[in-house]
Amino acid sequence: MQKSTSKLTSQKEKILEIERQRKGLIKLLLSDCEVIEGSFIDVRVRCGRSGCHCENKPIHPVTRLSWWDNGKLKNKIIRVADRRWVKKLSDNYKKHRQAMRDLVKLNEEEKEIIKSVVKLKTRKYE
Ligand SMILES: [Zn+2]
C-alpha cells in the first residue's frame with residue numbers, strides 16, 4: 001500500500017510538470033506573435049547578364065523563402081529590405097511548428113501516466 005501511494009504521488013507530480021510545460025506551449029501558440037510559413041534560405045544565383053563572373057559559377061547572394069503548397073515546393077525571393085522581419089516571422093513559424101509537435105508528445109506522455117495513475121487507484125472487488 002505504502003509503495004503504491006508514493007508511486008501515485010510521483011505520477012501526479014509528473015502530470016503537474018506536463019501541465020506546466022503545456023501552459024508554456026499554449027501561451028506561445030495563442031500569442032499575437034505573427035508567423036510566415038516557410039524556410040529562410042540563402043542561395044547564390046546567376047544574374048543572366050552576359051560577361052558577368054556568374055556565368056561560370058552562381059555568385060549573387062539571394063535570400064529565398066520556400067514552402068510546400070499542395071505537395072509542390074514554392075519559392076519566393078525576399079527583398080533585402082524585408083529580410084529582417086521575414087526571417088523573424090519564419091523563425092517564429094519554426095517555433096510554432098516545434099511547439100505543436102511538443103504538445104502532441106506531451107499529450108501522449110500524459111495519457112500514459114494517467115493510465116498508470118488510474119491503474120494504481122484501481123481496487124479489486126473480490
Ligand atoms: Zn551575374
Side-chain angles (χ1 to χ4, degrees):
M1 191 66 201
Q2 192 63 46
K3 205 177 167 192
S4 91
T5 305
S6 72
K7 174 95 171 139
L8 199 54
T9 306
S10 88
Q11 296 296 70
K12 283 179 183 173
E13 275 163 8
K14 277 187 203 161
I15 298 276
L16 292 177
E17 176 52 30
I18 286 174
E19 289 301 315
R20 267 192 294 274
Q21 289 177 28
R22 189 206 312 280
K23 220 174 180 178
L25 295 174
I26 296 289
K27 195 176 163 193
L28 169 73
L29 291 168
L30 299 186
S31 71
D32 294 329
C33 163
E34 288 183 305
V35 305
I36 283 184
E37 191 180 343
S39 310
F40 202 81
I41 306 163
D42 289 314
V43 287
R44 299 203 174 252
V45 296
R46 293 185 166 90
C47 67
R49 268 191 309 238
S50 74
C52 182
H53 290 306
C54 71
E55 281 185 342
N56 302 321
K57 192 180 163 201
I59 53 169
H60 304 287
V62 152
T63 303
R64 278 190 194 143
L65 189 71
S66 71
W67 68 97
W68 290 96
D69 184 21
N70 280 324
K72 276 189 179 165
L73 189 61
K74 300 270 179 117
N75 272 300
K76 196 165 170 63
I77 289 176
I78 302 165
R79 284 186 294 270
V80 174
D82 293 337
R83 272 185 202 167
R84 265 185 63 176
W85 72 264
V86 174
K87 171 92 170 93
K88 190 165 175 254
L89 268 57
S90 162
D91 287 346
N92 288 347
Y93 177 70
K94 252 186 248 166
K95 279 183 205 152
H96 279 63
R97 286 274 302 262
Q98 185 61 50
M100 285 191 277
R101 280 195 292 268
D102 290 347
L103 198 58
V104 169
K105 240 168 68 187
L106 282 182
N107 289 342
E108 279 303 307
E109 258 177 65
E110 188 178 52
K111 196 174 99 189
E112 290 309 310
I113 296 169
I114 288 174
K115 264 196 224 167
S116 81
V117 166
V118 172
K119 206 171 169 190
L120 287 167
K121 295 199 304 180
T122 301
R123 278 180 66 177
K124 274 200 178 104
Y125 180 68
E126 288 167 321

Quick one, Lys111 with Asn107, criterion side-chain contact (heavy atoms from CB on, under 4.5 Å). Give me CA distance, side-chain angles, the key distance, then yes/no. CA-CA 6 Å; Lys111 196 174 99 189; Asn107 289 342; over 6 Å; no
CA sep, side-chain torsions, deciding dist, call: Asp91, Phe40, side-chain contact (heavy atoms from CB on, under 4.5 Å): CA-CA 8 Å; Asp91 287 346; Phe40 202 81; 5.7 Å; no
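Cluster annotation: Ile78 and Trp85 are assigned to the same hydrophobic cluster (Ile/Leu/Val/Met/Phe/Trp/Tyr, side-chain heavy-atom contacts under 4.5 Å, transitive). Cluster annotation: Ile18 is connected to Leu8 through the hydrophobic network of ILVMFWY side chains, with a link wherever side-chain heavy atoms come within less than 4.5 Å.
In plain terms, the two heavy atoms of Arg64 and Asn75 that are nearest each other are CD-OD1, 3.3 Å. Here the closest non-hydrogen pair linking Leu25 and Leu103 is CD1-N, 3.7 Å. Minimum heavy-atom separation, Ile113 to Gln11: CG2-O, 3.6 Å. Considering every non-hydrogen atom in both Glu37 and Leu65, the closest pair reads O-CD2, 3.8 Å. Heavy atoms only, all atoms of each residue included: Arg22 and Leu106 are closest at N-CD1, 3.7 Å.
To the nearest 0.5 Å, atoms CD (Glu55) and CZ (Arg49) are separated by 10.5 Å. Here the CG-CZ distance, from Asp42 to Arg83, works out to 6.5 Å after rounding to the nearest 0.5 Å. Separation of atoms NZ (Lys14) and CG (Leu16) is listed at 12.5 Å; rounding is to 0.5 Å. Between atom CD of residue Gln21 and atom NZ of residue Lys105 there is a gap of 9.5 Å, rounded to the nearest 0.5 Å. In this structure, CG on Asp102 lies 9.5 Å from CG on Leu29, to the nearest 0.5 angstrom.
Counting non-hydrogen atoms of other residues, nucleotides and ligands closer than 6.0 Å to NE2 of His60 gives a total above 12. Counting non-hydrogen atoms of neighbouring residues, nucleotides and ligands closer than 6.0 angstrom, the CZ atom of Arg101 exceeds 12 such neighbours.
Using a 4.5 Å cut-off on side-chain heavy atoms (C-beta onward), Val86 and Thr63 make no contact. At a threshold of 4.5 Å between non-hydrogen side-chain atoms, the residues Lys7 and Ser116 do not count as touching.
Although no hydrogens or angles enter the test, the distance criterion places a donor-acceptor pair under 3.5 Å between the side chain of Arg46 and the main chain of Cys54. No donor-acceptor distance shorter than 3.5 angstrom exists from the side chain of Asn92 to the backbone of Val35, with no hydrogens or angles considered. Without hydrogens or angle criteria, Glu19 side chain to Ile15 main chain gives no donor-acceptor distance under 3.5 Å.
Checking Arg97, Lys95, His96 one by one against Tyr93, the side chain to side chain donor-acceptor pair (under 3.5 Å) holds for a single residue, Arg97.
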